[in-house]
Amino acid sequence: MTRFGFIGMGIMGSAMAANLVRAGFEVVVWNRSPQKCAPLQDLGARIARTPRALVAECPVTFAMLADPQAAADVCFGQEGVCDAMVQGKGYVDMSTIDAATSQRIAAAIREKGGRFLEAPVSGSKKPAEDGTLVILSGGDRTLYEEVEPAFAKMGKRSFYLGDVGQGARMKLVVNMIMGAMMAAFCEGLVLGERGDLDPETILEVLDAGALANPMFRLKGPRMLAEDFAVNFPLKHMQKDLRLALLHGDETAQPLHVSAAANEAFKQARAQGLGDEDFSALLAALRTNSG
Ligand code: NAP
């Protein structure tokens, strides 16, 4: 039986690892806060003591971690992934991080003789649970081909985009657009409320025209009900905008709209909404409008 390691049992990682277990793969898991491994253990996964111990017993390891700092900590930290990396092993980092961090991780893995693939995903908690993510890969092609059976259980589509960095950049482009869309959506709803428009009717009007999309359709009614149960944490949305803007700085590409969206999400974080769903930006804007 093929054995996979999976590091990071957050919202996304726990659902993705569960799909690998259900598909019949042997799965070994690790999470910084160990209690989050329990549901996976109940499904049949084994728990490793450290990332190093996990990598030592798995030919290929996936990781799904919060941000560049978390990805680097797990790779380079004490008892980390690099400590157990040897010739031929594979490491697939599916976290949303910047290209530079991804390349730094790739270089360290390769130096030990390992193979590295970045594979961030488009799609949130529900697609992670349903195995319908869109996987955006860059790096070692042989590893990409080798893990396709696992990708097929986690996602509905996977792209191979070239060298390490291309998957990270594609993911940041996607989320930069999504962040700006959500910010515009929230501002539109709040402005409509100011002008005494019925918010339900705003949703209906949007859905009837060229702006209809699954995100507004799914999130809109929940937002009006002030249901901000977390699918995609707001702090991660702001992190993705920050990383996209950093890429814009590096390439001297102006990103006016994304910069404004970043400020809006940053303000929401400052208001203590970082652990809510990113749609809680609506609550932040309502507070601001007094
Ligand atoms: P999450 O629920 O916040 O999980 C984050 C994971 O990172 C947890 O396992 C956490 O461990 C771990 N972590 C954080 N800092 C760490 C550190 N210094 N050392 C070791 N582990 C650390 O986030 P998520 O929603 O699953 O997202 C994971 C990644 O996928 C992020 O990059 C996010 O941007 C991306 N993503 C999310 C979605 C979504 O809709 N949720 C969609 C697409 C992509 P603890 O449990 O110990 O905190």
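FYI, side chains are in, hydrogens and waters are out, and symmetry mates aren't considered; it's all heavy atoms of this structure. In what follows, residues are counted from 1 in the order of the sequence shown. Every value quoted in this text rests on a predicted model; they were computed, and no experiment measured them. Start at 1 and go down the list; that is how both ligands and their atoms are numbered.
The atoms of ligand 1 that sit less than 4.0 Å from any heavy atom of G8 are 9 (O). Atoms of ligand 1 lying under 4.0 Å from any heavy atom of N231, numbered from 1 in the order shown and given with element: 39 (C), 40 (O), 41 (N). Set against the non-hydrogen atoms of K36, the atoms of ligand 1 under 4.0 Å away are 45 (P), 46 (O), 48 (O). Taking every non-hydrogen atom of V121 and a distance limit under 4.0 Å, the qualifying atoms of ligand 1 come out as 43 (C), 44 (C). Taking every non-hydrogen atom of M9 and a distance limit under 4.0 Å, the qualifying atoms of ligand 1 come out as 9 (O).
Here the heavy atom of the protein found nearest to atom 45 (P) of ligand 1 is S33 OG, 3.4 Å. For atom 34 (O) of ligand 1, the nearest non-hydrogen atom of the protein is K239 NZ, 2.7 Å. Nearest protein neighbour of atom 17 (C) of ligand 1, counting heavy atoms only, is R32 NH1, 3.3 Å. In terms of protein heavy atoms, atom 26 (O) of ligand 1 is closest to M12 N, 2.8 Å. If you check which protein heavy atom lies closest to atom 40 (O) of ligand 1, you get S124 OG, 2.5 Å. Ranking protein heavy atoms by distance to atom 2 (O) of ligand 1, first place goes to I11 N, 2.9 Å. For atom 4 (O) of ligand 1, the closest heavy atom belonging to the protein is G10 CA, 3.4 Å. In terms of protein heavy-atom proximity, atom 3 (O) of ligand 1 is closest to H236 NE2, 3.0 Å.
For ligand 1, the polar-atom distance check against G123 finds no nitrogen or oxygen pair separated by under 3.5 Å. On a distance-only criterion, P233 and ligand 1 share no N/O pair closer than 3.5 Å. Below 3.5 Å of separation, one finds an N or O of A66 facing an N or O of ligand 1. Residue D73 places at least one N or O, backbone or side chain, under 3.5 Å from an N or O of ligand 1. Where the criterion is an N or O separation shorter than 3.5 Å, residue side chain and backbone included, L65 meets it with respect to ligand 1. For a threshold of 3.5 Å applied to N or O pairs, the pair formed by N31 and ligand 1 contains at least one separation below that value.
Between T142 and R115, the side chains place a donor N or O and an acceptor N or O closer than 3.5 Å (distance only, hydrogens not considered).
Other residues, nucleotides and ligands contribute only 12 or fewer heavy atoms inside 6.0 Å of the CD atom of Q78. The local environment of CD in E145 is crowded, with over 12 non-hydrogen atoms from other residues, nucleotides or ligands closer than 6.0 Å. In the displayed structure, K112 atom NZ is contacted under 6.0 Å by more than 12 heavy atoms of other residues, nucleotides or ligands.
Ring planes of F185 and F216: parallel class, angle under 30° (limits at 30 and 60°). Ring-plane geometry between F151 and F62 is classed as tilted, the angle between the planes lying from 30 to 60 degrees on a 0 to 90 degree scale.
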Show your reasoning for whether side chain to side chain contact (heavy atoms under 4.5 Å, CB included) applies to M215 and M178.
-> CA-CA 9 Å; M215 183 171 87; M178 188 172 79; 3.6 Å; yes
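Both L40 and I47 belong to a common hydrophobic cluster when Ile, Leu, Val, Met, Phe, Trp and Tyr are linked at side-chain heavy-atom distances under 4.5 angstrom. No single ILVMFWY cluster, assembled from side-chain heavy atoms under 4.5 Å apart, contains both L206 and L191. A single hydrophobic cluster is seen to contain both L143 and V27, as judged by linkage of ILVMFWY side chains at heavy-atom distances under 4.5 Å, directly or through other members.
Minimum interatomic distance between M154 and I135 (heavy atoms only, all atoms of both residues): CB-CD1, 4.4 Å. When all heavy atoms of A284 and A268 are compared, the closest pair comes out as CB-CB, 3.7 Å.
Comparing I97, D93, D275, T96 by heavy-atom distance to atom 36 (N) of ligand 1, the nearest is T96. The residue among V230, V74, L243 with a heavy atom at the shortest distance from atom 20 (C) of ligand 1 is V74.
We find the NE2-CG distance between H236 and D67 to be 7.0 Å, quoted to the nearest 0.5 Å.
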